[in-house]
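Input: a single structure, listed below in structure tokens.
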Amino acid sequence: MTDVVTEKTTDTVVLGRNQYGKAENHVVRINRDTDRHEIRDLVVTSQLRGDLEAVHTVGDNAHCVPTDTQKQTVFAFAQQYGIESPEKFLLTLADHFTGEFEWITGGRWAAQEYAWNRIDDHDHCFVQNKDEVRTAVVVADGEERTVISGFKDLTVLKSTQSGFAGYPKDKYTTLPETEDRIMSTDVATRWRYNTTDVDHDAVYEDVKRIILTKFTDHYSRALQETLYLMGKAVIEAHPEIDEIKFSCPNKHHFVYDLGFCDLPNNNETHYAADRPFGLIEATIQRKGAPLREAAWTGIAGFC
Ligand SMILES: O=c1[nH]c(=O)c2[nH]c(=O)[nH]c2[nH]1
């Protein structure tokens with residue numbers, strides 16, 4: 001039988017500084033009041049301090065506001081008050097927890113914000129304001145040279161004009177169909193040239209432009225469809241490219257269910273899950289062009 005400890009202090013130890021809470025709540029709040037959406041993307045950590053002695057020393061949880069409640073509050077506040085700034089959002093949380101629970105006398109609230117820029121001033125398509133990583137590989141085989149260019153970590157998001165429906169269902173399928181969801185991915189792509197006579201910098205910029213523009217210009221029925229359209233546009237615009245590959249995570253953004261506090265959530269407040277993620281990979285090839293499978297040897301992460 002487990003011993004129940006009832007001693008608050010012992011001869012040997014005392015409880016020192018402590019705090020606790022829920023770390024890294026990834027909340028993506030879309031303001032959809034007009035067709036020109038606004039996005040705030042925050043990772044929020046909430047930690048409470050106060051009279052928490054008995055929680056630690058005698059297993060009495062009467063003062064232990066659950067970390068789960070802290071998480072629920074973060075998402076509920078994002079929906080209810082919006083996110084005017086990370087600082088204002090954290091101040092609202094601090095006032096709430098210290099006001100709601102009299103033994104909570106302080107705490108620590110922290111946020112990291114990911115900033116997004118509009119793609120071509122688009123109303124609901126965004127690219128994270130960080131640079132992608134450019135890649136290049138040259139394979140020599142005798143006199144033959146094959147150049148494969150690419151990039152990774154180009155993070156994009158569309159806050160509407162994406163859905164996923166019409167898929168087969170079996171007894172393990174619980175995913176609801178949707179006609180309006182966030183679609184977001186880190187684009188990783190590599191493309192193979194059929195010549196070395198290329199202005200590689202100029203083509204690189206144009207391929208990136210085509211991929212970004214394609215991301216914005218259609219209702220996406222699946223990430224697979226969007227990758228195909230991106231690849232098709234690149235191959236059609238660039239006769240010097242015979243093949244392009246994509247490997248893209250489907251970065252799930254789940255609409256947060258705020259029914260527990262009677263808050264409607266019309267695709268505004270999302271939980272951005274980091275794993276598991278869908279992993280969508282595809283190769284788009286110029287019809288009739290010779291394949292160069294050997295050139296891809298050693299390039300990991302693409303099918
Ligand atoms: O764009 C998508 N493609 C899928 O294959 C898929 N599967 C899933 O659960 N969600 C999605 N979304």
Side-chain angles (χ1 to χ4, degrees), residues 1-30 39-116 128 130 155 182 184 186 249 251-265 268-277:
M1 198 172 131
T2 312
D3 285 341
V4 175
V5 181
T6 52
E7 295 295 319
K8 187 169 146 174
T9 56
T10 72
D11 292 345
T12 51
V13 298
V14 292
L15 178 67
R17 288 157 61 100
N18 63 89
Q19 61 184 5
Y20 78 104
K22 194 70 100 190
E24 302 197 4
N25 301 283
H26 193 166
V27 56
V28 173
R29 174 68 157 92
I30 309 289
I39 180 170
R40 296 302 302 239
D41 180 346
L42 256 58
V43 175
V44 178
T45 293
S46 166
Q47 289 177 291
L48 305 183
R49 300 172 183 163
D51 177 6
L52 299 160
E53 174 103 12
V55 179
H56 292 84
T57 59
V58 295
D60 176 355
N61 288 338
H63 281 184
C64 190
V65 180
T67 66
D68 192 72
T69 303
Q70 296 179 54
K71 176 198 70 177
Q72 297 289 76
T73 309
V74 167
F75 284 92
F77 276 27
Q79 178 64 22
Q80 195 165 1
Y81 304 118
I83 299 175
E84 187 188 325
S85 66
E87 291 80 1
K88 285 274 177 338
F89 189 65
L90 301 182
L91 284 165
T92 308
L93 288 169
D95 288 346
H96 167 75
F97 285 111
T98 54
E100 181 90 353
F101 306 104
E102 45 105 359
W103 62 91
I104 298 299
T105 53
R108 183 175 190 278
W109 290 269
Q112 294 167 16
E113 177 165 30
Y114 295 96
W116 295 85
Q128 235 173 47
K130 62 176 172 57
T155 304
I182 283 182
S184 180
D186 306 321
K251 300 177 81 168
H252 303 303
H253 287 65
F254 298 109
V255 177
Y256 211 82
D257 183 355
L258 296 167
F260 70 90
C261 57
D262 287 332
L263 279 175
N265 183 0
E268 292 158 313
T269 298
H270 298 79
Y271 160 57
D274 66 343
R275 63 184 73 168
F277 51 88

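Each residue takes its place number in the sequence, starting with 1. Keep in mind it's a predicted model, so treat the numbers as computed, not measured.
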message: For a side-chain contact (heavy atoms from CB on, under 4.5 Å) check, start with the C-alpha distance between N18 and L52, then their side-chain angles and the critical distance, and finish with the verdict.
response: CA-CA 8 Å; N18 63 89; L52 299 160; 3.8 Å; yes

Do you know the tightest heavy-atom contact between [X] and [Y]?
| X | Y | answer |
| --- | --- | --- |
| L263 | A76 | CD1-O, 3.5 Å |
| Y114 | V43 | CE1-CG2, 3.7 Å |
| H253 | H270 | O-CD2, 3.8 Å |
| P86 | E113 | CG-OE1, 3.4 Å |
| A272 | V28 | CB-CG2, 3.9 Å |
| E53 | L15 | CA-CD2, 3.8 Å |

query: Okay, side chain of R40, backbone of E84: is any donor-acceptor separation there less than 3.5 Å?
result: yes

Rounded to the nearest 0.5 Å, how far does [atom2] of [Y] lie from [atom1] of [X]?
| X | Y | atom1 | atom2 | answer |
| --- | --- | --- | --- | --- |
| F75 | F260 | CZ | CZ | 10.0 Å |
| N61 | H56 | CG | NE2 | 10.0 Å |
| L258 | Q79 | CG | CD | 6.0 Å |
| F89 | I83 | CZ | CD1 | 4.5 Å |

Would you call [X] and [Y] a side-chain contact if the rule is heavy atoms closer than 4.5 Å?
| X | Y | result |
| --- | --- | --- |
| V44 | V27 | yes |
| Q112 | L42 | no |
| D60 | V55 | no |
| Y20 | P66 | no |

query: Mind checking whether W109 and F97 have parallel, tilted or perpendicular rings, split at 30° and 60°?
result: parallel

- request: Kindly indicate, with the supporting measurements, whether the criterion side-chain hydrogen bond (donor to acceptor under 3.5 Å, both in side chains) is fulfilled by K22 and T45.
  value: CA-CA 6 Å; K22 194 70 100 190; T45 293; over 6 Å; no

Residues H96, T73; criterion side-chain contact (heavy atoms from CB on, under 4.5 Å); working and verdict: CA-CA 9 Å; H96 167 75; T73 309; 3.7 Å; yes

Aromatic centroids of Y271 and H26 separated by under 6.0 Å: no

- request: Name all residues meeting the salt bridge (Lys or Arg N to Asp or Glu O under 4.0 Å) criterion together with K71; count only those two or more places apart in sequence or in a different chain, and write none if there are none.
  value: D68

task: Only counting residues at least two apart or in another chain, list the ones meeting salt bridge (Lys or Arg N to Asp or Glu O under 4.0 Å) with D186.
output: K251

- prompt: With a cut-off of 6.0 Å (strictly less than), are more than 12 heavy atoms of other residues, nucleotides or ligands near NZ of K88?
  reply: no

- request: Could you tell me whether Q80 atom CD has more than 12 heavy atoms of other residues or ligands within 6.0 Å of it?
  value: yes

Side-chain donor-acceptor pairs under 3.5 Å in residues 98-108, sequence neighbours left out?
| from | atom 1 | to | atom 2 | distance (Å) |
| --- | --- | --- | --- | --- |
| T98 | OG1 | A94 | O | 2.7 |
| T98 | OG1 | D95 | O | 3.4 |
| W103 | NE1 | H63 | O | 2.7 |

- prompt: Just checking, any donor-acceptor pair under 3.5 angstrom between side chains of Y256 and Q72?
  reply: yes

